[in-house]
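Accompanying notes for the structure given below.
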Number of protein chains: 2
Amino acid sequence: MEQSNYSKIFKALSSEQRLKIFLMIYKQCCNPKDQQGGAEFKAEEGKSCCPGTRIIEKAFTHVCDCMKLSRSTISHHFKELQNAGLITCERDGRNYRCKVNEQAVKAIRDFLK
Amino acid sequence: MEQSNYSKIFKALSSEQRLKIFLMIYKQCCNPKDQQGGAEFKAEEGKSCCPGTRIIEKAFTHVCDCMKLSRSTISHHFKELQNAGLITCERDGRNYRCKVNEQAVKAIRDFLK
DNA sequence: CAATAAGTTCGATGGCCATCGAATAATTAG
DNA sequence: CTAATTATTCGATGGCCATCGAACTTATTG
């Protein structure tokens with residue numbers, strides 16, 4: 001991965017609020033046992049597959065419930081995370097379905113290797 | 001390491017120019033074989049120790065030679081990298097002696113583990 | 001259809017930040 | 001001491017960005 005892509009990823013994670021949002025999603029995707037109380041913030045039965053591609057239903061709504069930011073700001077942060085390639089989101093009716101992008105996770109892990 | 005420290009590190013690396021400076025120093029410290037032509041950008045004989053704590057002499061000057069930025073801007077970037085805990089610098093007379101902070105490198109490697 | 005719910009888009013705002021050149025300080029060489 | 005070299009500090013500037021509320025769109029429910 002090129003330097004400019006890394007700086008995009010790091011820029012996306014340089015906002016403390018956005019980092020928090022990303023880690024909420026990441027932990028649900030990759031370490032479902034580590035969730036801190038947010039019992040509902042969990043992939044639905046039958047919607048998850050292998051670790052790392054677990055799909056989060058109603059991600060937007062749950063993030064809104066957990067943070068003191070306006071919905072428009074959170075919408076903006078989701079967009080930035082998508083633009084940096086960190087997450088992928090789909091609309092499902094009125095709701096959001098989203099997952100962490102494994103390629104980006106691998107890139108972060110390979111940085112400084 | 002706490003989330004707010006991670007966002008500081010990522011903020012420091014979110015500027016493309018600053019990322020480039022950090023990687024120049026990092027590669028000299030940790031992978032001296034990987035240098036791209038900058039033959040002079042190398043720890044002096046007898047000044048280096050174990051990998052990861054290799055000391056870079058005249059880092060500031062060499063970075064200035066390699067980048068199209070004013071010296072004042074580069075000075076600013078060095079300060080930001082220090083504030084984020086990524087590098088440590090000392091003055092040695094008129095020159096700069098600097099090295100990568102292993103603790104920060106470890107933190108980056110442990111992110112998403 | 002009407003009402004509610006979920007996200008998006010827009011415009012404004014305040015603040016931070018990358019960059020520069022100039023002035024300054026500190027050190028070394030002649 | 002003087003001149004040259006090296007890096008810092010300062011003030012200005014232009015641009016980007018996090019945040020908000022309001023208006024809007026789309027989808028669901030009754």
Side-chain angles (χ1 to χ4, degrees), chain A residues 3-4 6-25 38 40-41 44 55-84 86-99, chain B residues 3-4 6-25 40-41 44 55-99:
Chain A
Q3 276 186 22
S4 66
Y6 273 114
S7 67
K8 274 181 196 164
I9 287 179
F10 294 143
K11 185 169 292 178
L13 300 178
S14 71
S15 150
E16 195 161 349
Q17 305 301 322
R18 204 152 53 211
L19 174 60
K20 194 179 293 184
I21 293 172
F22 173 73
L23 286 177
M24 284 177 67
I25 299 170
E40 281 192 271
F41 197 83
E44 277 180 19
I55 289 169
I56 311 291
E57 301 288 335
K58 299 190 181 176
F60 188 91
T61 299
H62 287 308
V63 169
C64 287
D65 291 345
C66 296
M67 302 190 71
K68 291 176 183 169
L69 289 174
S70 73
R71 302 174 86 77
S72 58
T73 299
I74 291 176
S75 176
H76 164 69
H77 285 322
F78 267 87
K79 196 150 295 171
E80 293 293 315
L81 290 173
Q82 289 182 79
N83 287 341
L86 284 163
I87 64 174
T88 303
C89 298
E90 296 172 349
R91 293 298 295 276
D92 173 28
R94 253 190 319 204
N95 295 309
Y96 237 112
R97 181 181 294 155
C98 98
K99 64 187 179 67
Chain B
Q3 275 186 23
S4 65
Y6 273 114
S7 67
K8 273 182 197 167
I9 287 178
F10 293 144
K11 183 168 294 178
L13 300 178
S14 71
S15 151
E16 196 162 350
Q17 304 302 322
R18 206 151 51 210
L19 174 62
K20 192 179 294 183
I21 293 172
F22 173 73
L23 286 178
M24 285 177 67
I25 298 170
E40 281 192 89
F41 198 82
E44 278 180 19
I55 289 169
I56 312 292
E57 301 287 333
K58 299 190 182 177
F60 187 90
T61 299
H62 286 311
V63 168
C64 286
D65 291 345
C66 295
M67 302 190 72
K68 291 175 184 170
L69 290 175
S70 72
R71 301 174 85 78
S72 58
T73 299
I74 292 177
S75 177
H76 164 69
H77 286 322
F78 267 87
K79 196 151 295 171
E80 293 292 315
L81 291 173
Q82 290 182 78
N83 287 341
L86 285 163
I87 63 174
T88 303
C89 298
E90 296 172 346
R91 293 299 295 278
D92 172 28
R94 251 188 326 204
N95 294 308
Y96 237 112
R97 180 181 294 155
C98 99
K99 64 186 180 66

Determine, stepwise, if the pair B/C89 / B/F60 fulfils side chain to side chain contact (heavy atoms under 4.5 Å, CB included).
CA-CA 10 Å; B/C89 298; B/F60 187 90; over 6 Å; no
So if I define the base as every atom that isn't primed, P, OP1 or OP2, how would nucleotides 22-30 of chain C read as a B/S/- string at a heavy-atom cutoff under 4.0 Å?
B----BS--
C/dT19 C1' sits how many Å from B/L69 CG, rounded?
8 Å
Taking the side chain of A/F60 as its heavy atoms from C-beta onward, which of C/dT8, C/dT19, D/dA7 lies nearest to it?
C/dT8
Under 3.5 Å, is there a donor-acceptor pair between the side chain of A/R18 and the main chain of A/A12?
yes
Could you give the CG-to-P distance, from A/N83 to D/dC17, as a whole number of Å?
11 Å
Using atom CD of B/Q82 as one end and atom C1' of D/dA7 as the other, report the distance to the nearest whole Å.
12 Å
A/H76 near the nucleic acid: base, sugar-phosphate alone, or nothing, with a heavy-atom cut-off under 4.0 Å?
base
Counting only non-hydrogen atoms, which of residues 6-20 of chain A are less than 4.0 Å from DNA chain C?
none
Atom-to-atom span, CD of B/E80 to P of C/dA18 - whole angstrom:
6 Å
When rounded to the nearest 0.5 angstrom, what distance separates CE in B/M67 from CD1 in B/I21?
4.5 Å
For B/Y96, answer base if it contacts any base atom (sugar-phosphate contacts may also be present), sugar-phosphate if it contacts only those atoms, and nothing otherwise; contact means non-hydrogen atoms under 4.0 Å.
sugar-phosphate
